[in-house]
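Here's the structure we're looking at; comments come further down.
Every value quoted in this text rests on a predicted model; they were computed, and no experiment measured them.
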Amino acid sequence: MNANDIMKYIESEYTIINTIHCDVCGGNYEATEQGIGFIDNEPFDICECACSECGHKKIFEFPAPFLVEGAKGLKSKTLN
């Protein structure tokens, strides 16, 4: 997966977030924090969101296969 593919993948996550309405008031969620987490040893893009109307918080978890693919290409290097 190249950088453009990764960006499209992440953009699709935000598209999903924007289509889901708040469980409490029906408002729109906005991302407040984003990070990487592991669930059952698999990488996930974790996005914490809050409703723009009432502040209700919701966490979205998206599989992040691009992290595994990127790590396979890494090589360790010894620094002197």
Count I, L, V, M, F, W, Y as connected when their side-chain heavy atoms are under 4.5 Å apart, and connections chain through other members. Are F44 and F60 then in the same cluster?
no
I need the E53 CD to E30 CD distance, nearest 0.5 Å.
9.0 Å
About how many Å separate CD1 of I46 and CD1 of I36, when rounded to the nearest 0.5 Å?
8.0 Å
Non-hydrogen side-chain atoms of I17 and C49 separated by less than 4.5 Å
yes
Output the distance between atom SG (C22) and atom NZ (K58), rounded to the nearest 0.5 Å.
9.0 Å
Do I39 and F62 sit in the same hydrophobic cluster, where Ile, Leu, Val, Met, Phe, Trp and Tyr count as joined when their side-chain heavy atoms come under 4.5 Å apart?
no
Side chains of I10 and Q34: does their closest heavy-atom pair fall under 4.5 Å?
yes
Please round to the nearest 0.5 Å and tell me the distance separating atom CD of E11 and atom CG of N18.
11.5 Å
Parallel, tilted or perpendicular: which fits the ring planes of Y29 and H56, with parallel below 30° and perpendicular above 60°?
tilted
Shortest non-hydrogen contact between C47 and A31, atoms and distance
SG-CB, 3.7 Å
